[in-house]
There are 2 protein chains.
Amino acid sequence: MINSILHGDCFEVMKSLDEESVDLIYLDPPFFTEKTHTLKNRDGSKEFSFDDTWGDSANYARFLKDRIEIMHSLLKDTGSIFVHCDKSGEHIVRAVLDSVFGSNNFQSEIIWSYKRWSNAKKGLLPAHQNIYFYSKSKNFKFNRIFKAYSETTNVDQILQKRTRNEKNKTVYAKDSFGNIQYGEKKKGVPLSDVWEIPYLNPKAKERVGYPTQKPILLLEQIIELVTDAGDLVLDPFCGSGTTCVASKLTNRNYLGIDQSESAVELSRERLKKPIKTESNLLKKGRKSYLNVDSNALNLLQGVEFNPVQRNKGIDAILVEQFEGTPVLVRIQKPNEPLADAISLLKKAMETKGSKKSILIQTEKEGLGLGLIDSIDGIEIIETLSIQIDKKLTT
Amino acid sequence: MINSILHGDCFEVMKSLDEESVDLIYLDPPFFTEKTHTLKNRDGSKEFSFDDTWGDSANYARFLKDRIEIMHSLLKDTGSIFVHCDKSGEHIVRAVLDSVFGSNNFQSEIIWSYKRWSNAKKGLLPAHQNIYFYSKSKNFKFNRIFKAYSETTNVDQILQKRTRNEKNKTVYAKDSFGNIQYGEKKKGVPLSDVWEIPYLNPKAKERVGYPTQKPILLLEQIIELVTDAGDLVLDPFCGSGTTCVASKLTNRNYLGIDQSESAVELSRERLKKPIKTESNLLKKGRKSYLNVDSNALNLLQGVEFNPVQRNKGIDAILVEQFEGTPVLVRIQKPNEPLADAISLLKKAMETKGSKKSILIQTEKEGLGLGLIDSIDGIEIIETLSIQIDKKLTT
DNA sequence: CGTCTGCTTGAATCGCACC
DNA sequence: GGGTGCGATTCAAGCAGAC
């Protein structure tokens, strides 16, 4: 029965499973949105639908509690449950979990945060979902995961050994010659309860066209957090089967259940040849996309602009346009000849069709041709510090 | 009564306030931790019903509901409420707010996330808090705040107009000659519901030693989101008075209430001279581009200077001297006539014996006497934003 | 006043063109 | 021909306008 997708209402199906046999249960239950969802897959050939309609919240609570009680009995003493939750049903889910697992076994509210396309909505752009993490007992299995130190952490604190001086203050350790002492290798910062994982991208090959499909990366992190290889992972509302795919990819055993025949079929197909999109963003880090020095942009204090990161020629575009075309901004890089800056900016102007652009000159020496402040629609403006400098030396 | 801190139980104090007079209520209600312990004693044998959500914590729910009902009546039709929430009380608070304000007036669950020093605890490092945002009606006041585009977004999407082709695919629009078509002005991405704001640094000057003190930046963002200058902000559990300080700094009226005599005193003291630590992280971080804080001295980016406090005439002195005398700097204040700035600076030059000084002009209109860039040793330099503005309009 | 359809939109990968 | 810069493309939320 292990490593398969079962069809049916998880309430019935779970009754046939062994008690205390499961290491991790992940579920993304139908939400309490009082709406029926239908969505087609990519080529429009198939339609998935599920019914989120509940007469009132008590019915929904009853539905959930019945099932979560069985899940509780299926979990090993060292097991954990992760419940993915829409904002509309949050408080109901929390109440049910508190009553079945006990509020003392609440471990974390995980925030999965991501960036997304925007819309014209009045209000804040929704950019997160909540996952509740409860353990069956104090004895739960937990693998520590470490992440890179935050950029603002002082490097010395990572590398150097620390000790206490005669006044019992923490100081960096030095040897008798005053040389820096390096400490043990540190693993990084323990994983926090806010997880920034990119939303399943529209271009991702991983997509199977199932509504609410989760990124495999998210599930992998959950699985690796509380299970070891060979453990059993159960998803009672498995949908497109992401949990099972992630389990397979991380060498765990899995069991998926879904009420929809088409979902079961999709999951089974997916498991035959799992596709996982590596996130470039996560692999390379946000910083790898940066090409603008944020200090440089501070020069534009008081100007309305949008920074531009993936372009060699320009650092920003002004919000204000010039004759209907964009105004590009380049800030001269340290030690960059002004002529180079001009030619890069000029090229960008051509491709972007800009009629007027601005070059902020940050280096004192100009073109050596006397004062030039406008070439081919490029306006050259010196930084305040150069202007001040000039006033003082002439 | 406006702009003061009142002492007492907010339940009583709020009854004396005018109905429909408040624009924003922010509260960080106390949570009864003793009651939480009794929650642990549940025997689990009880039949679940929706009322169990409140179950043993009914007293707390009652306490909250009584007060939130009054708050609802104090709010204007265009007003909003932000409730800061401990994770143990989350679902109770949500249930109360849903019942008083109506679930259709739920706007956002704001996640305040921050980095923290790690601890050795088994489990995930807690690094966020939740704030619930409800409006009194559909008609709520809302000021859009924009942030920088993601680093991975490409410029053309910001610049170019898009349409759909015959196959209903999104493509860049071209005119009949194949030229690029430009879109409307773009200000950036609307603010999302996940706010990364550094936790108050233990060493920060801002810290006044109150246990649950919040960063002023967090409160400022809330205030600016749903109120305008001159509006009234109420904090019924004001503690150390951060909400009131933030209101004062953003030119809103405020009213704070607290039951603790010492908290009231502390708040009053703090309001006399509010201290705000500008978070370095936010200043440099990627989210800061569009809403850089408007500290005037930031204009001097790249110039070596010493700031001058408590002097009517000058804001800074350059490290560089001019003919052995100090170079004074004044930054024109908002709405200050240039002539006034000049005469104040001139007076300061006399007393300090300065031969050359610098006036940074921040307002577009000059002296009305044509171009003047030097008077009696005062060099007048326009900010970059004015210089750019001129290049685009002439 | 529901229901349907269309439009705008940003993130992030894909993939082409250019050295 | 391999790397990389950057332009093109895809998808779904949610409002607007139609009916």
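All heavy atoms count here, side chains included; hydrogens, waters and symmetry mates do not. So you know, we letter chains A, B, ... as the sequences are listed, proteins then strands, and number each from 1.
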Results of side-chain contact (heavy atoms from CB on, under 4.5 Å) for [X] - residues two or more places apart only:
| X | result |
| --- | --- |
| A:Thr351 | none |
| A:Phe322 | A:Val327, A:Lys355, A:Lys356, B:Leu392 |
| A:Ser267 | A:Ile5, A:Cys238 |
| B:Asn179 | B:Asp175, B:Phe177 |

Provide, to the nearest angstrom, the distance between the [atom1] atom belonging to [X] and the [atom2] atom belonging to [N].
| X | N | atom1 | atom2 | result |
| --- | --- | --- | --- | --- |
| B:Arg164 | D:dT10 | CZ | P | 11 Å |
| A:Trp117 | D:dA13 | CH2 | P | 6 Å |
| A:Tyr199 | D:dT10 | OH | P | 19 Å |

For this session: State which residues pass ring pair (Phe, Tyr, Trp, His ring centres under 6.0 Å) with B:Tyr132; sequence neighbours excluded, sorted by chain then number.
Result: none
Under 3.5 Å, sequence neighbours excluded: what are the donor-acceptor pairs made by side chains of residues 341-350 of chain A?
{"unit_1": "A:Ser343", "atom_1": "OG", "unit_2": "A:Asp340", "atom_2": "O", "d": "3.2"}
{"unit_1": "A:Lys346", "atom_1": "NZ", "unit_2": "A:Asp376", "atom_2": "OD2", "d": "3.3"}

Problem set entry | Residues A:Arg330 and A:Ser357: side-chain donor-acceptor under 3.5 angstrom | no
Exercise. Would you say the side-chain atoms of B:Gln107 and B:Ser135 include a donor-acceptor pair closer than 3.5 Å?
Worked result: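 Distance-only check passes for B:Gln107 and B:Ser135.
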Distance-only check: which donor-acceptor pairs under 3.5 Å involve side-chain atoms of residues 157-164 of chain B, not counting sequence neighbours?
{"unit_1": "B:Gln160", "atom_1": "NE2", "unit_2": "B:Asp156", "atom_2": "OD1", "d": "3.1"}
{"unit_1": "B:Arg164", "atom_1": "NH1", "unit_2": "B:Asn168", "atom_2": "O", "d": "2.9"}

Exercise. With sugar-phosphate meaning primed atoms plus P, OP1 and OP2, does B:Lys186 contact a base, only sugar-phosphate, or nothing at under 4.0 Å between heavy atoms?
Worked result: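 Sugar-phosphate only.
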For this session: Identify which one of B:Trp112, B:Phe101, B:Phe133 satisfies the ring pair (Phe, Tyr, Trp, His ring centres under 6.0 Å) criterion when paired with B:Phe82.
Result: B:Phe133
Exercise. A:Asp28 pairs by side-chain hydrogen bond (donor to acceptor under 3.5 Å, both in side chains) with which of A:Gln213, A:Gln129, A:Lys214, A:His84?
Worked result: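 The passing option is A:Lys214.
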Problem set entry | Given DNA chain C, 5'-ward residue of the pair A:Lys347 and B:Thr170, judged by closest heavy atom | B:Thr170
Problem set entry | Nucleotide-resolved protein contact map, nucleotides 3-8 of chain D, B/S/- at heavy-atom distance under 4.0 Å | --SBBB
Seminar exercise, completed: Per-nucleotide protein contact along nucleotides 14-19 of chain D, 5' to 3', at a 4.0 Å heavy-atom cut-off (B base, S sugar-phosphate only, - neither), is SS----
For this session: Identify, with sequence neighbours excluded, every residue that meets side chain to side chain donor-acceptor pair (under 3.5 Å) alongside A:Lys272.
Result: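 Testing A:Lys272 for side chain to side chain donor-acceptor pair (under 3.5 Å), a comparison that skips the adjacent residues, returns A:Glu269.
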Exercise. Can you find a pair of side-chain heavy atoms, one from A:Ile358 and one from A:Leu318, that are under 4.5 Å apart?
Worked result: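 Answer yes - side chains close enough.
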Problem set entry | Bend angle of the helix from C:dG2-D:dC19 to C:dC19-D:dG2, end axes from five pairs each (to 10°) |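 Here the helix ends are tilted 30° relative to one another.
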Exercise. Contact boundaries of DNA chain C with chain A (under 4.0 Å, heavy atoms), 5' to 3'?
Worked result: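 Under 4.0 Å from chain A, the extent on DNA chain C is C:dT9 to C:dC14.
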